[in-house]
Amino acid sequence: MTIQATTSTRTTGPLTLGFLSVTQEPGGWAGHLLVTNGWGRPIEFRLTSPVQPNRVQSALYGPTLLEYLHAEVIGKTLVDKTGAKPDLIVTDSLPALTLRTRVEIPVIAIASSANTLPADVISFAHPRSSAGLLLSNRFASDRNAILSLLERIDPAVDLTEPFARIRDAVTEHRKLGGSNRAA
Amino acid sequence: MRLDGAIETTELDLGLTPNCQPETKLDRPLEAEVRETRLLTESPWVKTLGRLELYVTTEGWKFPAPPANYASPPRAITEPKAAGKGEPPTGSPCNPLLSRQEVNLPALPDNQQAPKPRIRPKPTAETVLLKDRLLYLLQPPLDGLFDGRQLEVPFAPFQYQLEGIAFLMPRPGALLADEMGLGKTAMAILSLRLLFHQGQIKQALVVCPKALMHNWGRELKMWAPDIPFETFEGDPDQRRSMWLVSNCPLKLVNYETLTRDIDLATDKRVYFDVVVLDEAQRIKNKESKTAQAVRALKRGRSWALTGTPIENHPDDLVNIFHFIDSNLIPAGTPPRRIPQFTSDSILRRTKDDVLSHMPPKVMRDLEVELTPAQRAAYVRAEEDGVVHLNELGDTITIQHVFQLVMRLKQICNFDPATGESAKLEQLLTDMEEVADSGRKAIVFSQWVEPLQVLAEALKRYGALQYHGKIPQQLRTPTLDRFEKDPDCHVLLMSYGTGSVGLNLQFANYVFLFDRWWNPAVEDQAINRAHRVGQKHPVTVTRFLSGNTIEQRISDILEAKRQVFNDLLAQADKPATMGLSEDEIFGLFDIKARPKREKH
């Protein structure tokens with residue numbers, strides 16, 4: 001479906017975007033948050049240590065494990081620790097959509113062809129993204145604010161592109177064994 | 001059974017009598033036995049299987065935010081993609097909000113291929129801090145920057161220009177040595193602009209030849225309209241203020257002013273995050289005041305731009321690198337080993353590499369026969385000159401030979417007695433065709449005097465002059481008039497004044513009335529017209545007087561022209577690109593040689 005803006009949310013000040021990526025690495029799930037301005041220029045980058053649930057944790061969290069890991073343990077921690085608070089969070093992790101229940105920031109996910117869409121998400125298209133966008137049905141009321149924010153993003157920005165940068169940066173970080181270098 | 005229907009009955013006895021006998025066990029009384037057992041007074045046994053709580057640690061980096069004053073100026077067109085056919089592009093004269101120069105570029109297939117790989121500046125080996133490396137890796141692709149609203153440009157840079165920007169941006173020391181006409185100035189300006197926007201630099205200095213100051217100002221307005229800049233002009237007090245007080249982010253100075261103000265420029269309060277040297281071959285002489293001045297500047301990054309990093313000798317390149325990174329090439333490195341130290345710091349592309357569909361450059365070597373008067377004067381001068389040179393014996397010097405060469409070349413242009421000129425006759429014929437087709441031509445000579453004579457002869461073609469005797473303030477209006485006045489078909493330029501940095505891609509004919517000593521300088525001159533933006537083929541006519549000194553010089557230089565571009569990356573190069581001493585003496589059949597000290 002295509003979401004139509006019903007009202008125009010007037011926001012001022014420089015736009016800040018957060019790109020939240022959660023990836024499975026050898027040491028467990030790791031999160032990375034790139035904060036950019038509306039032109040896609042980096043303002044802040046933060047990443048987490050990997051977290052690996054054990055078998056008991058996996059059994060006891062059951063189907064809620066990924067959501068808890070991506071949204072609460074990784075997503076919320078990154079947002080809390082980041083100095084530049086984003087106006088909109090874009091994630092490549094579907095389970096991280098529920099980060100919206102933990103922060104007062106609209107969250108959308110990049111649709112992946114590999115994912116089967118759960119029933120509680122709304123899919124929509126936008127010129128700022130070469131892939132479909134997903135919004136939690138529980139927060140459908142965010143849609144006008146999200147559309148308004150998307151309109152403020154520079155037309156040259158593709159919301160899927162910064163995740164490639166994040167991958168490069170994570171590879172570099174891993175290569176240099178980066179730690180204790182944070183500013 | 002009876003057949004009459006009567007029923008016969010039998011009586012049954014249902015009475016039961018139990019047989020009751022007492023059990024012997026119940027003969028004794030029952031007694032309950034009670035035992036105490038502690039069952040629920042102790043805590044249950046608990047085994048911990050692991051923490052349910054999950055947690056992560058984080059680390060992060062904050063990057064410099066773009067300064068607020070570099071916000072893009074307002075645009076008339078909010079969505080660049082909305083501009084359709086027939087609409088004036090942003091910055092065209094039809095757009096009253098912006099007075100930008102529109103450059104009409106040919107629709108080059110190089111610019112139409114899709115999809116293209118994304119182009120990003122990559123951190124170099126010199127970038128050691130993880131934070132600095134991440135800053136480059138996390139930048140948006142360059143090819144996207146010019147598609148949106150954020151960076152206003154007159155037209156989207158070509159792919160190879162984006163690669164040039166990606167080369168310059170992360171490098172503290174770089175030599176952009178692209179062939180003339182590929183847009184080195186635009187690449188340098190956009191690189192500076194992006195670094196300003198990223199907050200990575202705050203002060204930059206561009207050093208260029210005096211003749212190119214106006215051109216740089218124009219290009220800066222075109223490619224970086226949001227970056228304020230100022231030029232070093234005025235009296236010493238004003239310049240002192242500009243060096244020491246002004247916080248203008250970008251400053252433009254010519255080599256002569258920099259050399260004059262060197263005490264101010266090297267004041268401890270003066271520091272530049274980037275110093276860009278345009279036409280960096282100006283510092284090929286390491287000991288020159290100019291070279292010393294630029295090396296003395298306190299700076300973070302050192303970028304050099306030149307299409308001719310080696311004009312005469314591999315040392316030219318080494319000396320440019322004394323500015324770029326003085327420690328890069330160890331002293332005494334043989335020429336063939338230079339590339340192994342410099343390869344990561346040099347980017348060199350030719351038009352053939354990157355603009356395969358650029359309009360062709362047609363080279364036309366036009367051999368003219370001297371007029372009888374010229375030939376007589378020439379023979380007389382050569383014979384007398386050779387006799388004189390031989391009479392000098394071992395007191396002969398290169399200067400003596402040069403004097404004769406100059407004299408003979410001048411006769412090849414014009415007969416000193418009658419003013420006859422075979423070249424001029426041919427030029428007049430060619431100009432007729434140029435003017436009839438509505439085209440424009442540039443004529444180069446190494447002397448001002450022939451240009452002045454040509455100006456008179458080519459008056460009917462609206463001839464304009466651009467050389468050392470034209471006052472500085474008249475030069476830019478001259479170029480503007482040459483571009484815009486349809487009646488001005490020819491511009492007469494000296495190699496020294498007009499061969500570098502100027503954009504004259506609206507001219508389609510170049511005439512080399514006489515030849516320069518160095519093919520690199522001739523190439524520079526030709527490429528004033530054959531450069532990015534040229535829409536039509538460029539015809540280059542090189543006049544050559546047959547059976548003269550011009551022919552002999554040309555033969556030598558032509559043999560060396562090919563090696564010029566190779567020297568940057570190849571081994572086993574000749575020691576010199578111009579004429580060697582032996583070659584100069586060999587121009588004439590003389591036996592005299594300078595006296596040498598024996599070692």
Side-chain angles (χ1 to χ4, degrees), chain A residues 14 28-31 33-57 60-61 65 68-69 72-74 77-78 80-84 127 153-158 161-162 164-166 168-169 171-173 176-183, chain B residues 47-66 68 70-72 75 77-82 115 117-118 120-123 127-151 156 194-195 197-200:
Chain A
W29 290 99
L33 181 65
L34 170 64
V35 182
T36 74
N37 66 7
W39 296 355
R41 294 218 175 104
I43 297 172
E44 191 169 345
F45 181 60
R46 185 165 286 276
L47 46 78
T48 71
S49 58
V51 54
Q52 181 69 63
N54 59 33
R55 291 178 63 184
V56 176
Q57 288 166 328
L60 290 175
Y61 278 100
L65 178 68
Y68 176 69
L69 273 178
E72 173 70 30
V73 178
I74 290 174
T77 305
L78 283 170
D80 288 346
K81 295 273 187 180
T82 299
I153 298 173
D154 189 89
V157 172
D158 179 350
E161 181 277 323
R165 290 188 245 164
I166 292 174
D168 285 349
T171 304
E172 186 77 10
H173 178 264
L176 296 185
S179 61
N180 302 321
R181 296 168 190 247
Chain B
K47 182 183 176 185
T48 301
L49 294 176
R51 290 173 66 112
L52 284 181
E53 182 193 351
L54 294 159
Y55 65 93
V56 290
T57 57
T58 76
E59 60 178 330
W61 299 264
K62 288 180 181 174
F63 302 117
Y70 296 141
S72 280
R75 271 185 175 238
I77 300 171
T78 53
E79 294 275 347
K81 290 165 189 167
R118 311 307 299 263
R120 285 199 187 88
K122 295 281 174 64
T127 311
V128 290
L129 291 178
L130 178 61
K131 182 182 178 184
D132 294 339
R133 297 183 72 82
L134 291 179
L135 178 56
Y136 284 112
L137 291 169
L138 291 170
Q139 292 298 330
L142 293 174
D143 44 313
L145 291 179
F146 305 104
D147 297 337
R149 289 189 292 244
Q150 47 185 293
L151 283 176
L194 290 172
L195 288 176
H197 279 241
Q198 291 171 7
Q200 293 202 57

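So you know, we letter chains A, B, ... as the sequences are listed, proteins then strands, and number each from 1.
- The two residues B/Pro140 and A/Trp39 come nearest to each other via the heavy atoms CG-O, 4.2 Å.
- Contacts between A/Leu33 and chain B at a heavy-atom distance below 4.5 Å are absent for every atom of the residue.
- Side-chain contact between B/Arg133 and A/Asp168 is absent, with no heavy atoms from C-beta onward closer than 4.5 Å.
- Across all their heavy atoms, A/Arg46 and B/Gly60 have their closest contact at NH1-N, 3.6 Å.
- Between A/Phe45 and B/Trp61, the ring-plane angle classifies as parallel under the 30° and 60° cut-offs.
- The two residues B/Leu138 and A/Arg165 come nearest to each other via the heavy atoms O-NH1, 2.6 Å.
- Across every non-hydrogen atom of B/Arg118 and A/Glu161, the tightest pair is NH1-CG, 4.1 Å.
- Within the 4.5 Å cutoff, the side chain of B/Leu54 has no heavy atoms near those of the A/Asn54 side chain.
- For A/Leu47, the parts lying under 4.5 angstrom from a heavy atom of chain B are both the backbone and the side chain.
- Residues B/Thr57 and A/Ser49 have side chains that bring a donor and an acceptor to within less than 3.5 angstrom of each other.
- Only the side chain of B/Leu134 comes within contact range of chain A, with at least one heavy atom under 4.5 Å from a heavy atom of that chain.
- Closest non-hydrogen pair, A/Arg41 versus B/Leu194, comes out as NH2-CD2, 3.9 Å.
- Across every non-hydrogen atom of B/Leu130 and A/His173, the tightest pair is CD2-CD2, 3.7 Å.
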